[in-house]
2 protein chains.
Amino acid sequence: MRETSAAKACTGCADTDPALAFAQHDHSHCAQALLLRAEAVADAAGARLTPVRRRTLEILLEAHRALGAYEVLDRLAADGFGKQPPVAYRALEFLVEHGLAHRIRRLNAFAACMHPGEVHAPAFLICRLCGAVAEAPAGPLRAALDAKAAGLGFVVERANIEALGLCPACVGKASCT
Amino acid sequence: MRETSAAKACTGCADTDPALAFAQHDHSHCAQALLLRAEAVADAAGARLTPVRRRTLEILLEAHRALGAYEVLDRLAADGFGKQPPVAYRALEFLVEHGLAHRIRRLNAFAACMHPGEVHAPAFLICRLCGAVAEAPAGPLRAALDAKAAGLGFVVERANIEALGLCPACVGKASCT
DNA sequence: TTTTCTATGTTATAGCATAACCCGTCAAGA
DNA sequence: TCTTGACGGGTTATGCTATAACATAGAAAA
């Protein structure tokens with residue numbers, strides 16, 4: 001278990017200090033809270049958070065990092081769900097559609113959303129050394145993008161903003177390169 | 001040929017009016033100019049724009065849209081180059097590394113860079129109906145992203161900003177949906 | 001209850017990307 | 001001149017990512 005060893009108090013991955021995005025912490029209770037929020041979000045949308053879907057979200061939350069679809073699939077299969085790719089892809093698609101997870105294209109991977117329910121345009125910060133992924137609020141960025149696009153007559157519906165670089169923990173290690 | 005039918009004057013895809021990003025135009029001479037610029041860029045970097053690499057760039061320029069690696073490969077093979085995936089991927093990787101082309105992850109595709117040599121952080125506007133891709137300057141966005149990341153102790157090295165939506169030509173068609 | 005729609009599972013296949021190896025070319029140094 | 005090493009480009013083979021198409025079961029609506 002990656003995350004249980006860190007005793008650092010978790011003030012909530014979900015909705016408080018973004019500076020904790022890269023901090024190691026025990027987030028089991030944030031995960032709990034996020035699951036509850038997910039139920040509410042799905043309910044509000046008239047969608048059903050079925051067992052596979054719920055378990056898929058749990059898997060993403062437990063991993064606390066971005067997982068490939070096939071990694072998710074393996075864990076679903078181990079839990080007695082179907083073991084063919086569409087099982088994972090469908091569940092993940094559902095989560096992404098309802099804003100409960102995000103797809104990180106640079107990694108061909110998926111990560112649980114840390115702010116479900118809120119309207120948000122996230123930017124992802126991906127550490128190229130340790131693979132950690134943080135979800136940073138990008139409202140202003142998104143607004144700027146929309147404005148820029150509007151100037152060209154383009155209407156933005158969805159946007160991916162993904163940055164590759166070094167996280168706080170790795171930025172030191174890499175400097176000796 | 002997609003682009004030769006449009007008689008609209010091309011004031012230069014490369015370096016002038018971004019409003020032409022989505023305009024159909026005969027860009028054969030911009031392509032010529034971009035190839036020259038590419039030679040200069042490669043030369044300045046001490047890299048060699050070999051026949052395969054040059055031809056790959058030409059292919060992207062001729063297509064005037066994003067091409068999958070296998071599409072590029074087919075055309076390379078037709079021109080007598082190797083016909084195995086690594087041939088295309090290596091050439092494309094070279095072009096991307098030297099800022100002569102961009103990888104558009106949302107499409108698993110590659111497109112020629114319209115502003116080679118300039119330091120630029122492009123944002124891509126992808127039309128979900130016609131598939132057109134425009135490269136919009138995103139300097140301010142990138143600056144904002146860097147600042148946001150810095151606040152979290154993250155150092156951005158590369159960023160992808162990709163927007164999915166409707167281009168000027170398609171925004172009308174879609175309104176009746 | 002019957003119908004209908006949604007969800008889950010399957011098989012099969014398509015599409016994207018890279019590892020590992022071989023060989024030829026070219027330039028620098030022995 | 002010969003050798004050596006870096007680089008480029010070609011190959012075979014394989015792995016990873018994603019979706020199409022179809023079958024079945026269960027929930028919701030009529």
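Below, chain A is the first sequence line, B the second, and so on; all start at residue 1.
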What is the distance, to the nearest angstrom, from the [atom1] atom on [X] to the [atom2] atom on [N]?
X        : N       : atom1 : atom2 : answer
Leu67(A) : dC16(D) : CG    : C1'   : 15 Å
Arg54(A) : dA7(C)  : CZ    : C1'   : 18 Å
Arg90(A) : dT11(C) : CZ    : C1'   : 12 Å
Asp74(B) : dG15(C) : CG    : P     : 11 Å
Leu73(B) : dG9(D)  : CG    : P     : 14 Å
Glu71(A) : dA18(D) : CD    : P     : 12 Å

Which residues satisfy the side chain to side chain contact (heavy atoms under 4.5 Å, CB included) test with Ala112(B), sequence neighbours excluded?
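Result, side chain to side chain contact (heavy atoms under 4.5 Å, CB included) vs Ala112(B): Leu57(B), Leu60(B), Leu61(B), Met114(B).
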Applying side chain to side chain contact (heavy atoms under 4.5 Å, CB included), name anything that partners Ala66(B), two or more places apart in sequence or on another chain.
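Testing Ala66(B) for side chain to side chain contact (heavy atoms under 4.5 Å, CB included), a comparison that skips the adjacent residues, returns Ile104(B), Leu107(B), Ala109(B), Ala111(B), Val133(B).
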At a cut-off of 3.5 Å, list every protein nitrogen or oxygen paired with a nitrogen or oxygen from nucleotides 16-19 of chain C, distance to 0.1 Å.
unit_1	atom_1	unit_2	atom_2	d
dA17(C)	OP1	Arg103(B)	NH2	2.8
dA17(C)	OP2	Tyr89(B)	OH	3.0
dA17(C)	O5'	Tyr89(B)	OH	3.3
dA17(C)	N7	Tyr70(B)	OH	2.8
dA17(C)	N6	Tyr70(B)	OH	3.3

Sort me out a list of protein N/O and nucleotides 4-8 of chain D N/O pairs below 3.5 Å, or just none if empty.
unit_1	atom_1	unit_2	atom_2	d
dG8(D)	O5'	Arg53(B)	NH2	3.4

Validation: residues 149-165 of chain A side-chain donor-acceptor distances under 3.5 Å, sequence neighbours left out:
unit_1	atom_1	unit_2	atom_2	d
Glu157(A)	OE1	Arg128(B)	NE	2.5
Glu157(A)	OE2	Arg128(B)	NE	3.4
Glu157(A)	OE2	Arg128(B)	NH2	2.9
Asn160(A)	OD1	Arg106(B)	NH1	2.2
Glu162(A)	OE1	Arg106(A)	N	3.0
Glu162(A)	OE2	Arg105(A)	N	2.9

Calculate, to the nearest 0.5 Å, the distance between atoms CZ and SG belonging to Arg37(B) and Cys113(B) respectively.
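SG of Cys113(B) is found 8.5 Å from CZ of Arg37(B).
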Not counting sequence neighbours, which residues clear side chain to side chain donor-acceptor pair (under 3.5 Å) with [X]? List them please.
X         : result
Arg142(A) : Asp146(A)
His102(A) : His120(A), Glu135(A)
Asn108(A) : none

Using distance only, find each side-chain donor-acceptor pair of residues 79-97 of chain A under 3.5 Å and give its atom names and separation, not counting sequence neighbours.
unit_1	atom_1	unit_2	atom_2	d
Asp79(A)	OD2	Arg55(A)	NE	2.5
Asp79(A)	OD2	Arg55(A)	NH2	3.2

